[in-house]
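Below, chains carry the letters A, B, ... as their sequence lines are ordered, and counting in each starts from 1. Just so you know, these numbers use all the heavy atoms, side chains as well, and skip hydrogens, waters and symmetry mates.
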Number of protein chains: 2
Amino acid sequence: MHIRPGRYHHGDLRAALLNRAEETLREKGPAALSLRELARDLGVSHAAPSRHFKDKQALLDALALTGFERLDETLKASRERADESFAERLAVMAHAYVGFATANAELLDLMYSIKHDPEASEALDAAAQRWSEQIVELIGEGQRQGQVREGPMERVGLPVFVTLHGYASMAVSGMLPLETIEHGLDDVIAYILQGCAPE
Amino acid sequence: MHIRPGRYHHGDLRAALLNRAEETLREKGPAALSLRELARDLGVSHAAPSRHFKDKQALLDALALTGFERLDETLKASRERADESFAERLAVMAHAYVGFATANAELLDLMYSIKHDPEASEALDAAAQRWSEQIVELIGEGQRQGQVREGPMERVGLPVFVTLHGYASMAVSGMLPLETIEHGLDDVIAYILQGCAPE
DNA sequence: ACCTGAACACCGTTCAAGT
DNA sequence: ACCTGAACACCGTTCAAGT
């Protein structure tokens, strides 16, 4: 078990905790996530995690943060695969977001869960803001190409944002039949295009 | 403490548990909800709840179900306040749904949380389906009035559904600034109207 | 039928103490 | 700096027993 001799069991217990937490979140759900079991899985004492996360909520917040970072990377990568037409770029981003959401359902739930601890959520808010800015850029391009109505971003971009988020959220919560998820997104994309087009 | 003599402490412990659970959910969040504390609050032993809910998840499921029922009533009531134009009816329903969501944020989160216990969620699925049928009716009226494009409901209604749900979901999760929530909905309604209009 | 009380196996968190 | 071990106050769940 000598991953890095001279540094106890782990070279990076913090990262190991986050990785393992995401696995059990995915496999057994949020209710089954316990700090003590995490510590057991990693072969450290049950008190060890407290050196890296002040409490369980801090670990969950950090986990949600990594989710936003990976989402951001996923969307950035997807944009390089898109051509220059607004419709195509919107479609690529929509599929990328919904794909991430369904592939990481429990994590997405955590990322958007209510923060009843109103401190420490600044970092999360900022991370959520960052990915919404990818939509802002997309909408801006659409406006320059005349595919999207003029107006301030809070008014023009918000509807697009909530539509994508709503689709992903419904898919994740299991309220949409699986075949609807597969075939419904293209209809939603067409509706978004029409909804934000100049009149 | 004789609420109903001859029937122990409570006339209806089940209902009392659900009521108290919703209060603490609203006031202290889902993490603070414990069966033992619920029992303590109601003056019964900690084992009493198990007579009415086989485990904690069963109580949460029942609570979510009451949420869907109240949502359904709220929406039904709102429809009586609307005139006959599609735009007006859509606006009334949108405000009613978003109003319910923000007034019952934690409960809405619970209603749409992932069911990692895939049993027993049939009743919840059915309840969610019931409120979506109110949108189906609305869309059907819009189609008959020529305000909404023709087509099967899964294709025409789904985009409207996910837009409203996405807006409510963003508002509930705290990702939208409060003033955006207030002023943004009317823009979203206009966008929905344009998005599902005949081309 | 409905509830109690004790018991069991688990938690999260803290804190002195070790290396 | 990083972790351990014991301790504390809490859980959810079960089950014999009471009324």
| Trace of the side-chain contact (heavy atoms from CB on, under 4.5 Å) decision for B/V160 with B/L138 | CA-CA 10 Å; B/V160 179; B/L138 181 72; 5.7 Å; no

Under-3.5 Å N/O pairs linking protein and nucleotides 9-11 of chain C:
| unit_1 | atom_1 | unit_2 | atom_2 | d |
| --- | --- | --- | --- | --- |
| C/dC11 | OP1 | A/R40 | NH2 | 3.4 |
| C/dC11 | OP2 | A/R40 | NH2 | 2.4 |
| C/dC11 | O5' | A/S34 | OG | 3.4 |

| If you check every side-chain atom of A/S50, which of D/dT13, C/dG5, C/dT14 has the closest atom? | C/dT14

| task | Under the ring-ring contact (aromatic ring centres under 6.0 Å, His included) rule, collect the residues that match up with B/F68, sequence neighbours excluded. | result | B/Y112

| message | Whole angstroms only, please: what is the CG-P distance between B/D12 and C/dA1? | response | 17 Å

| request: In whole angstrom, give the distance that lies between atom NZ of A/K54 and atom P of C/dC15. | output: 14 Å

| message | Just to be sure I understand: a Watson-Crick pair is purine N1 to pyrimidine N3 plus N6-O4 or O6-N4, both under 3.5 Å. Using that and G-U wobbles, which stems of three or more pairs involve DNA chain D? | response | C:4-8 with D:12-16, C:12-16 with D:4-8

| said: I need the CZ-P distance between B/F53 and D/dT13, as an integer number of Å. | reply: 13 Å

Solution key, residues 185-199 of chain A side-chain donor-acceptor pairs under 3.5 Å, sequence neighbours excluded:
| unit_1 | atom_1 | unit_2 | atom_2 | d |
| --- | --- | --- | --- | --- |
| A/D187 | OD1 | B/R155 | NE | 3.3 |
| A/D187 | OD1 | B/R155 | NH2 | 2.7 |
| A/D187 | OD2 | B/R155 | NE | 2.9 |
| A/Y191 | OH | B/T163 | OG1 | 2.7 |
| A/Q194 | OE1 | B/R149 | NH1 | 3.4 |
| A/Q194 | NE2 | B/Q194 | O | 2.8 |
| A/Q194 | NE2 | B/A197 | O | 2.6 |

| So, are B/E23 and B/R20 salt-bridged, with charged N and O less than 4.0 Å apart? | yes

| note | Comparing A/H46 with A/R51, nearest DNA chain D nucleotide closer to 5' gives the residue A/R51

| task | Measure the distance from CG on B/L17 to P on C/dC2 and round it to the nearest whole Å. | result | 13 Å

| NE2 of A/H52 versus C1' of D/dA1: gap in Å, rounded? | 9 Å

| field | Residue pairs fulfilling salt bridge (Lys or Arg N to Asp or Glu O under 4.0 Å) with at least one residue in residues 156-174 of chain A, sequence neighbours excluded | value | none

| message | Please list all pairs meeting ring-ring contact (aromatic ring centres under 6.0 Å, His included) that have one or both residues in residues 70-96 of chain B, counting only residues at least two apart or in different chains. | response | none

| query | ring-ring contact (aromatic ring centres under 6.0 Å, His included): which pairs involve residues 121-164 of chain B, sequence neighbours left out? | reply | B/Y97-B/W131, B/W131-B/F161

| task | Determine which pairs satisfy salt bridge (Lys or Arg N to Asp or Glu O under 4.0 Å) with at least one residue from residues 83-99 of chain A, sequence neighbours left out, and list them in order. | result | A/R89-A/E141

| Residue pairs passing the ring-ring contact (aromatic ring centres under 6.0 Å, His included) test where at least one lies in residues 14-43 of chain B, sequence neighbours excluded | none

| message | Rounding to an integer number of Å, can you tell me how far B/L42 CG sits from C/dC2 C1'? | response | 15 Å

